[in-house]
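Counting convention: from 1, in listed order, for ligands and their atoms alike. Since this is a predicted model, take the numbers as computed values, not measurements.
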Amino acid sequence: MGGRVLSVASECVPLVKTGGLADVVGALPSALAATGWEMKVLLPAYRTLRAQAANWPVVWQEADLWGGPGRVLAGDVEGVPILLLDAPHHYDRDGGPYSSPTAEHPDNAVRFAALSWVAAGIAREGLDGWKPDVLHAHDWQAGFAPAYLAYHGNGGVKSVLTVHNIAFQGWAPAHMLGVLRLPGHAFHPEALEYYGGISSLKAGLVTSDWITTVSPTYAAELMRPEFGMGLQGVIAARGPVVSGILNGVDTGIWDPAAEEPAFGPKSMAGKAAARAALCAEFALDVPGPLAIVVSRLTDQKGIDLLPAVVPDFILGGGGLIVLGSGDPGLEAAVRNLAARFPGRVAVRIGYDEAMSHRLFAGADAVLVPSRFEPCGLTQMYGLRYGTLPVVSLVGGLADTVIGASPAALAAGVATGVTFHPVDAMAFGRAMAQLLDLYRQPKLWAKLRTNAMAQPVGWEASAAAYASLYERLTA
Ligand code: ADP
Ligand code: GLC
């Protein structure tokens with residue numbers, strides 16, 4: 001039992017993060033350790049990571065990685081075994097993993113093909129005696145890795161592709177097929193062709209031995225046109241090898257007992273103090289529930305619905321703090337709300353991990369009105385902190401929050417507020433319900449107790465990944 005997994009991704013906490021992908025990739029190796037599966041994570045040596053790896057040993061060399069050589073450096077970051085692909089012509093650049101400060105890199109297809117090529121090479125041949133049993137690829141950035149195993153030899157390695165977000169598909173024009181080291185005979189709709197071009201995500205979907213996505217509901221949604229974003233047929237065709245494994249959250253990092261002031265299910269005084277501190281920090285005076293949004297500000301997240309529902313929520317006594325950045329139009333929309341409701345609505349445009357902890361600790365509710373949500377992590381932070389989630393019934397949100405329906409209230413199992421469909425009307429009703437629940441302190445306390453008792457750690461998910469690896473390699 002047990003074995004070795006090479007995980008390949010473009011982001012990994014604590015090294016580089018733009019979203020939940022990084023949290024998951026960074027948490028899996030330690031979560032799996034107890035199951036007997038050893039995982040190393042391969043990611044690009046972006047400019048921000050090169051200095052830190054300067055003295056790491058070189059464990060792999062590649063002569064021709066599309067315009068220059070590459071080498072892999074091995075190290076350890078906070079207990080996680082890391083392999084960094086150092087190919088300066090691809091990764092030693094200003095900006096984030098995918099973009100310069102002004103625009104998306106035009107050569108992303110090749111940049112991440114290089115990562116996938118090296119991943120497949122290491123998986124196939126092994127690294128100084130460390131031979132993986134499974135290559136685990138994450139999202140479009142690693143989608144070509146299973147394809148390279150399939151078309152260039154797999155060395156006995158099984159492959160798993162995890163879809164964290166179908167919206168990003170890694171598109172390249174058809175004429176790049178040969179450049180990307182993919183075979184011409186596979187350029188047809190059942191294999192690599194995708195709407196006349198190439199998609200690295202589709203390449204991974206059709207060539208991997210198993211496909212997972214990050215919640216059971218999203219796994220089912222992905223086979224439907226409303227959510228599949230063009231790939232629904234591809235995924236449905238592979239239905240027998242598709243499964244949903246819910247993400248966990250790092251309960252060491254997200255721990256109310258480790259916040260200042262500390263609190264927990266048995267002593268909520270610290271949470272009340274955290275709320276007061278939060279109101280002081282943001283100059284708010286909120287008689288009703290204090291809600292937060294901590295999110296990328298994009299269409300996916302339903303942020304555009306806020307202007308329609310917030311005014312009534314404020315009128316009912318509520319308050320709101322938004323922490324996030326993204327779409328300039330959505331940033332302006334939330335700024336506008338803060339200007340309209342001083343003392344009740346505050347906005348911080350930016351990314352701030354420490355502030356996000358203060359928000360979850362001090363707030364009464366977290367809003368996640370996503371149009372689609374493969375898993376979502378912030379509703380789980382909310383559960384753990386007794387900060388009741390208000391969520392749309394999609395993807396992982398539907399799998400993690402029990403809405404305060406009459407039946408759930410009667411059974412005493414509700415942990416938050418849910419709504420469907422994802423529109424301003426249903427979201428508005430959910431916010432009205434939140435106000436109503438807050439006016440009933442005993443009921444509110446019951447929901448909070450339920451929420452905080454829900455297990456949101458990695459144990460169950462790590463066991464599910466381990467048993468998947470076992471099945472594949474048996
Ligand atoms: P997604 O990956 O789609 O952005 P998730 O809910 O899976 O959504 O993960 C988002 C992660 O990023 C969470 O850990 C969340 O707390 C964090 N996050 C998002 N925006 C911010 C921000 N502005 N400041 C701090 N943390 C943020
Ligand atoms: C993606 C999804 C999010 C999920 C995260 C980690 O970014 O948008 O729902 O939680 O990946 O799997």
Is the shortest heavy-atom distance from the side chain of [X] to the side chain of [Y] under 4.5 Å?
| X | Y | result |
| --- | --- | --- |
| Val242 | Ile235 | yes |
| Pro256 | Phe360 | no |
| Pro14 | Val77 | yes |
| His357 | Ile253 | yes |
| Arg340 | Ile314 | no |

May I ask you to list the atoms of ligand 2 that are less than 4.0 angstrom from any heavy atom of [X]?
| X | result |
| --- | --- |
| Val214 | 12 (O) |
| Asn165 | 8 (O) |
| Gly376 | 3 (C), 4 (C), 9 (O), 10 (O) |
| Pro374 | 2 (C), 8 (O), 9 (O) |
| Gly20 | 5 (C), 6 (C) |

Numbering as shown, the atoms of ligand 1 that approach [X] to under 4.0 Å (heavy-atom distance):
| X | answer |
| --- | --- |
| Tyr381 | 13 (C), 14 (O), 16 (O) |
| Asp352 | 24 (N), 25 (C) |
| Gly324 | 23 (N) |
| Thr378 | 6 (O), 15 (C), 16 (O) |
| Leu377 | 5 (P), 6 (O), 7 (O), 9 (O) |

Practice problem: Would you kindly specify which portion of Leu323 sits under 4.0 Å from ligand 1, judged on non-hydrogen atoms: side chain, backbone, both or neither? | Solution: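 Leu323 to ligand 1: contacts from backbone and side chain alike.
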Quiz item: Side chain or backbone of Ser295 under 4.0 Å from ligand 1, or both, or neither, by non-hydrogen atoms?
Solution: backbone
Close N or O approach ([X], ligand 1; < 3.5 Å):
| X | answer |
| --- | --- |
| Lys17 | yes |
| Asp23 | yes |
| Ser325 | no |
| Arg296 | yes |

Quiz item: Do the charged groups of Arg384 and Asp255 touch, with an N to O distance under 4.0 Å?
Solution: yes
Self-check item: Electrostatic pair Asp327-Lys301, nearest N-O below 4.0 angstrom
Solution: no
Please list the nearest protein heavy atom to [atom] with its residue and the distance rounded to 0.1 Å.
| atom | answer |
| --- | --- |
| atom 8 (O) of ligand 2 | Gln300 NE2, 3.1 Å |
| atom 1 (C) of ligand 2 | His164 O, 3.1 Å |
| atom 26 (N) of ligand 1 | Tyr351 CE1, 3.3 Å |
| atom 9 (O) of ligand 2 | Glu373 OE2, 2.4 Å |
| atom 10 (C) of ligand 1 | Gly20 N, 3.7 Å |

Quiz item: Side chain or backbone of Asn247 under 4.0 Å from ligand 2, or both, or neither, by non-hydrogen atoms?
Solution: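 It is the side chain that touches ligand 2; the backbone stays farther off.
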Quiz item: Short N/O distance, under 3.5 Å, between Lys301 and ligand 2?
Solution: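 So ligand 2 has no N or O lying under 3.5 Å from an N or O of Lys301.
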Exercise. Look only at interatomic distance and state if Val24 has a nitrogen or oxygen under 3.5 Å from any nitrogen or oxygen of ligand 2.
Key: no
Between the side chains of [X] and [Y], does any donor sit under 3.5 Å from an acceptor?
| X | Y | value |
| --- | --- | --- |
| Thr18 | Glu11 | yes |
| Tyr98 | Ser10 | yes |
| Thr212 | Ser243 | no |

Practice problem: Using a cut-off of 6.0 Å, state whether more than 12 heavy atoms not belonging to Lys271 lie near its atom NZ. | Solution: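 Yes, NZ of Lys271 has more than 12 neighbouring heavy atoms, counting only those of other groups under 6.0 Å.
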Exercise. Mark yes when over 12 heavy atoms from residues, nucleotides or ligands other than Asp76 sit less than 6.0 Å from its CG; otherwise mark no.
Key: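 For Asp76, atom CG is crowded (more than 12 foreign heavy atoms under 6.0 Å).
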Quiz item: For the side chain of Tyr194 and the backbone of Ala203, is there at least one donor-acceptor N/O pair under 3.5 Å apart?
Solution: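 No: the side chain of Tyr194 does not pair with the backbone of Ala203.
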Self-check item: Residue pair Tyr381, Trp254: steps toward the ring pair (Phe, Tyr, Trp, His ring centres under 6.0 Å) verdict
Solution: CA-CA 7 Å; Tyr381 304 157; Trp254 292 97; 3.8 Å; yes
Quiz prompt | Evaluation steps, side chain to side chain contact (heavy atoms under 4.5 Å, CB included), between Tyr91 and Leu85 | solution = CA-CA 9 Å; Tyr91 311 125; Leu85 171 57; 3.7 Å; yes
Quiz item: Does some non-hydrogen atom of Gly350 fall short of 4.0 Å from ligand 1?
Solution: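 In this structure, Gly350 qualifies as a contact of ligand 1 - some heavy atom is under 4.0 Å.
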Practice problem: Look at ligand 1 and say whether Gly376 reaches it with a heavy atom at a distance under 4.0 Å. | Solution: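 Within the 4.0 Å threshold, so yes.
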Quiz item: Which heavy atom of Asp364 sits nearest a heavy atom of Trp444, and at what distance?
Solution: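 Shortest heavy-atom separation between Asp364 and Trp444 comes out as O-CZ2, 3.5 Å.
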Quiz item: Given His164, Arg348, Lys301, which has its nearest heavy atom closest to atom 1 (P) of ligand 1?
Solution: Lys301
